[in-house]
Amino acid sequence: QVQLVESGGGSVQAGGSLRLSCQMSKNTYHSGSVAWFRQAPGKGREGVASSFRFDPRNYYYDYADSVKGRFTISRDTRKYTVDLQMNSLKPEDTAMYYCAAAPARTSRGLGTPDDFTLWGQGTQVTVSS
């Protein structure tokens, strides 16, 4: 059974940092796109950062404007994880964060939730002012 398992959420004060990690299978790691989405209460699910595998040596990374310069998505080939380093956190970053994968995806970009077929259970991030 294909699974995405997130970890690393928590509560921090504004200006603080958190690192989220998404564990997946080797096959999922080496195909298509892996992205982080978030959903705040009463709002839709939005893409935060995406990593697209162009070829075995090259990956493209895309970010939402609201997190550019603060968040970094990265891959660890040894662990088959895709991490999201979040710095300079703001109260408006408070949300449930989800890891998502689209193994068959053939284009870069954040995409929409409908583009992704595999989802983790989510991890809560709370930023207080």
Side-chain angles (χ1 to χ4, degrees):
Q1 184 177 358
V2 178
Q3 287 185 323
L4 303 176
V5 180
E6 301 110 332
S7 61
S11 298
V12 294
Q13 290 189 328
S17 299
L18 283 173
R19 188 177 185 89
L20 307 182
S21 186
C22 180
Q23 177 75 51
M24 66 199 70
S25 70
K26 177 181 179 180
N27 285 342
T28 300
Y29 181 89
H30 285 299
S31 60
S33 291
V34 178
W36 285 94
F37 285 78
R38 67 185 180 187
Q39 188 166 17
K43 295 187 177 181
R45 195 167 293 190
E46 63 170 351
V48 174
S50 177
S51 169
F52 172 68
R53 181 180 182 270
F54 179 72
D55 62 36
R57 294 186 178 182
N58 295 288
Y59 293 86
Y60 294 141
Y61 302 96
D62 293 286
Y63 296 91
D65 288 342
S66 59
V67 306
K68 282 181 181 177
R70 301 189 298 122
F71 290 12
T72 303
I73 188 170
S74 63
R75 289 173 169 258
D76 189 329
T77 303
R78 297 168 299 172
K79 300 178 182 178
Y80 302 131
T81 61
V82 176
D83 295 348
L84 185 67
Q85 177 66 42
M86 305 183 294
N87 298 327
S88 302
L89 282 162
K90 305 175 181 180
E92 51 263 45
D93 294 319
T94 295
M96 185 71 81
Y97 282 70
Y98 297 91
C99 177
R105 198 161 182 236
T106 57
S107 61
R108 66 179 297 178
L110 291 177
T112 68
D114 288 342
D115 294 326
F116 292 80
T117 55
L118 305 173
W119 291 86
Q121 79 285 358
T123 185
Q124 179 67 37
V125 171
T126 302
V127 185
S128 58
S129 58

Practice task
In sequence, state the C-alpha distance, the side-chain angles, and the governing distance for M86 and V125, and then conclude on side-chain contact (heavy atoms from CB on, under 4.5 Å).
Solution key: CA-CA 10 Å; M86 305 183 294; V125 171; 3.8 Å; yes
Exercise for the section: List the steps, then state whether side chain to side chain donor-acceptor pair (under 3.5 Å) holds for Q85 with N87. Expected result: CA-CA 7 Å; Q85 177 66 42; N87 298 327; 2.9 Å; yes
Exercise for the section: Go through the steps for Y80 and T28 under the test side chain to side chain donor-acceptor pair (under 3.5 Å), then give the verdict. Expected result: CA-CA 9 Å; Y80 302 131; T28 300; over 6 Å; no
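Taking 4.5 Å as the limit, some side-chain heavy atom of V34 sits within range of a side-chain heavy atom of C99. The shortest side-chain heavy-atom distance between P103 and T117 falls under the 4.5 Å cut-off. Residues Q39 and P113 form no side-chain contact, since every pair of their non-hydrogen atoms from C-beta on lies 4.5 Å or further apart. Taking 4.5 Å as the limit, every side-chain heavy atom of E6 sits out of range of all side-chain heavy atoms of L20. With contacts defined as side-chain heavy-atom distances shorter than 4.5 Å, the pair F116/R45 does not qualify. In this structure, Y98 and L4 have side chains that are not in contact, with every pair of non-hydrogen atoms separated by 4.5 Å or more.
Taking OG1 of T123 as the reference point, atom CG of L18 lies at 9.0 Å (rounded to 0.5 Å). Rounded to the nearest 0.5 Å, atoms NZ (K90) and OG (S129) are 13.5 Å apart. One finds the OG atom of S7 at 8.5 Å from the CD atom of Q121 (value rounded to the nearest 0.5 Å). Between the OG atom of S74 and the CG atom of D83 there is a distance of 4.5 Å, given to the nearest 0.5 Å. Rounded to the nearest 0.5 Å, atoms NZ (K79) and OG (S21) are 7.5 Å apart. Note that CE of M96 and CZ of R38 are 14.0 Å apart. Values are rounded to the nearest 0.5 Å.
In terms of the side chain to side chain contact (heavy atoms under 4.5 Å, CB included) criterion, residue partners of T94 (sequence neighbours excluded) are, by chain and number, Q124, T126, V127.
A pairwise comparison of heavy atoms in S51 and Y61 identifies OG-CE2, 3.4 Å as the closest pair. F37 approaches L110 most closely through the heavy-atom pair CZ-O, 3.9 Å. The two atoms that bring S88 and R70 nearest to each other are O-NH1, 3.0 Å, heavy atoms only. Listed here is the closest heavy atom pair of A14 and P91: CB-CD, 4.1 Å. Taking each heavy atom of G47 and A64 in turn, the nearest pair found is O-CB, 3.5 Å.
In this structure, Q23 contributes its side chain and T81 its backbone to no donor-acceptor pair below 3.5 Å. Although no hydrogens or angles enter the test, the distance criterion places a donor-acceptor pair under 3.5 Å between the side chain of R53 and the main chain of H30. Without hydrogens or angle criteria, Y29 side chain to T77 main chain gives a donor-acceptor distance under 3.5 Å.
Cluster membership check: W119 does not share its hydrophobic cluster with V82, using side-chain heavy-atom separations under 4.5 Å among Ile, Leu, Val, Met, Phe, Trp and Tyr.
Using a cut-off of 4.0 Å between Lys/Arg side-chain N and Asp/Glu carboxylate O, R78 and D76 are scored as salt-bridged. Ionic pairing of K68 and D65 is present here: one or more N-O contacts between side-chain nitrogen and carboxylate oxygen are shorter than 4.0 angstrom.
For residues 40-59, the set of pairs meeting the ring-ring contact (aromatic ring centres under 6.0 Å, His included) definition, not counting sequence neighbours, comprises F54-Y60.
F71 and Y97 have tilted rings, their planes meeting at an angle from 30° to 60° on a 0 to 90° scale.
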